[in-house]
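Comments concern the structure below.
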Amino acid sequence: MIKEQLQMKNKFTYQESAIADYILTNPVCILDMTAKELADSTFSSSSTIVRFCKKLGFTGYPAFQRQYAREYGTKEQFNEKILLSNVTLEKAPGVLDNLYQYVIKETQLLLDNDTLRKVTNMLLSAKKIDLYGSDFNYFALQTMGLNLSNIQKPVQTFNCVNNFYISTLNPADTVSIIVSHSGKNPAMMRIACELRKRYIPTIALTNSVEDSLKNLCDYALYVFTSDEHSRIGSLQWTISVNYVLQILYVCLLEHYKKES
């Protein structure tokens, strides 16, 4: 998400940090500003703004602004609808409905169709799939494992490293999915390192900010994570992880139906 990218100051030059700070401090203003207006407000130039947007992964300022507007609008809509301090038994179903809609929209913004296509093709060609995660991620992966077994896809789920098992793997046969909320879970990092040594193709499901795990994997699918002080952060993460896993399963299921 753009907000999280803007907060990663170590990736920016001094001028870029000033631009990021201005956007974070004036979130509403950016919705209507031109590149020149943003440049004037940050004592930079239009070309600097364009380079800054490209550094964030956009083709230019208009693409950045459109994505920013979508993310900002979704977040504001959620904040208006979800009032956790006033949740009652009668309101709880509606609160959850809004929460699911919000998290799914946020997750969709993070999904890259090209990466999703490559990951799906990788899973389709794999003779077996290994799933790695701890705590509630492990339970989400167990459900994914049951789903995969329904389409005759050999699958195993792990919550810790098994060096002997990894030493027996054939890179041509196996694909591994590794899930980490923080992106730097020591156990998941160790697993990713061991799999990398064996040249086993890996897919990280993690947040879009922390680079540690995704830099060890071949591909990364980003999962929505809220502010660390959120009272429902773990619930949002769980919804997002399950949503991404279900997307992968549906893609594989559709191919399985065509093959049957």
Side-chain angles (χ1 to χ4, degrees), residues 1-85 95 97-117 181-183 206-212 214-215 220-233 236-237 239-240 243-244 247:
M1 299 206 36
I2 291 177
K3 182 178 179 181
E4 283 74 13
Q5 287 182 283
L6 296 176
Q7 291 170 335
M8 296 291 286
K9 301 298 178 60
N10 59 318
K11 295 183 177 181
F12 299 141
T13 64
Y14 176 81
Q15 183 63 68
E16 290 168 345
S17 293
I19 297 170
D21 285 337
Y22 183 86
I23 295 172
L24 290 169
T25 306
N26 304 275
V28 180
C29 296
I30 303 303
L31 298 173
D32 299 314
M33 272 186 167
T34 65
K36 185 179 185 308
E37 289 171 337
L38 178 57
D40 291 342
S41 298
T42 55
F43 304 100
S44 60
S45 65
S46 296
S47 59
T48 301
I49 298 298
V50 173
R51 286 195 299 271
F52 176 73
C53 293
K54 288 183 176 179
K55 193 168 188 177
L56 294 176
F58 299 95
T59 56
Y61 182 73
F64 163 81
Q65 194 176 40
R66 285 194 298 271
Q67 179 66 20
Y68 180 87
R70 283 197 292 268
E71 293 184 15
Y72 183 82
T74 302
K75 193 173 293 294
E76 287 303 296
Q77 182 185 41
F78 174 75
N79 289 338
E80 290 173 6
K81 290 183 177 179
I82 305 299
L83 300 174
L84 292 177
S85 59
V95 168
D97 181 59
N98 288 330
L99 176 61
Y100 270 80
Q101 289 185 46
Y102 167 65
V103 173
I104 288 173
K105 285 181 180 178
E106 290 288 328
T107 306
Q108 289 172 342
L109 291 171
L110 294 169
L111 289 175
D112 177 76
N113 288 336
D114 185 54
T115 302
L116 188 59
R117 188 177 301 108
H181 181 182
S182 66
T206 187
N207 69 74
S208 61
V209 178
E210 175 58 48
D211 291 334
S212 299
K214 60 189 177 188
N215 284 344
L221 292 174
Y222 299 129
V223 183
F224 174 66
T225 181
S226 63
D227 185 280
E228 62 181 7
H229 301 298
S230 171
R231 288 176 289 169
I232 54 174
Q236 291 176 321
W237 170 263
I239 293 170
S240 190
Y243 180 63
V244 174
I247 288 175

- Can you find a heavy atom in the side chain of Ile23 that is under 4.5 Å from one in the side chain of Thr42?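 With C-beta onward as the side chain, the pair stays apart.
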ask   = Quick one: are Tyr222 and Asp112 in side-chain contact, heavy atoms under 4.5 Å?
value =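 No, their side chains stay 4.5 Å or more apart.
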Give a yes or no answer on whether the side chain of [X] reaches the backbone of [Y] with a donor-acceptor pair at less than 3.5 Å.
X      : Y      : answer
Lys11  : Gln5   : no
Gln65  : Met33  : yes
Tyr68  : Pro27  : yes
Ser240 : Gln236 : no

Which atom names give the shortest non-hydrogen contact between [X] and [Y], and what distance separates them?
X      : Y      : value
Asn207 : His181 : ND2-O, 2.8 Å
Lys214 : Ala220 : CB-CB, 3.7 Å
Phe224 : Trp237 : O-CE3, 3.4 Å
Ala39  : Ser46  : CB-N, 3.6 Å
Ala35  : Ile49  : O-CG1, 3.8 Å
Ser212 : Gly183 : CB-O, 3.4 Å

Atom pair [atom1]/[atom2] of [X] and [Y] - distance to nearest 0.5 Å:
X      : Y      : atom1 : atom2 : result
Leu116 : Ile247 : CG    : CD1   : 6.5 Å
Asp21  : Asn26  : CG    : CG    : 10.5 Å
Leu109 : Ser208 : CG    : OG    : 11.0 Å
Thr206 : Asn215 : OG1   : CG    : 10.5 Å
Leu6   : Glu16  : CG    : CD    : 11.0 Å
Thr107 : Leu221 : OG1   : CG    : 11.0 Å

query = Should the pair Phe64 and Phe58 be assigned to parallel (<30°), tilted (30 to 60°) or perpendicular (>60°) ring geometry?
reply =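 Taking Phe58 first and then Phe64, their aromatic rings stand perpendicular (interplane angle over 60°).
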### Message
With no hydrogens and no angle check, just 3.5 Å: does a side-chain donor-acceptor pair link Thr13 and Gln15?
### Response
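There is no such pair (donor and acceptor under 3.5 Å, judged by atom type) between the side chains of Thr13 and Gln15.
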Discussion item. As a quick check of understanding, evaluate ring pair (Phe, Tyr, Trp, His ring centres under 6.0 Å) for Phe12 and Phe52, giving each step before the final call.
Written reply: CA-CA 9 Å; Phe12 299 141; Phe52 176 73; 5.3 Å; yes
Would you say that more than 12 heavy atoms from the other residues, nucleotides or ligands in this model lie under 6.0 Å from the NZ of Lys55, or not?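 Above 12, so yes.
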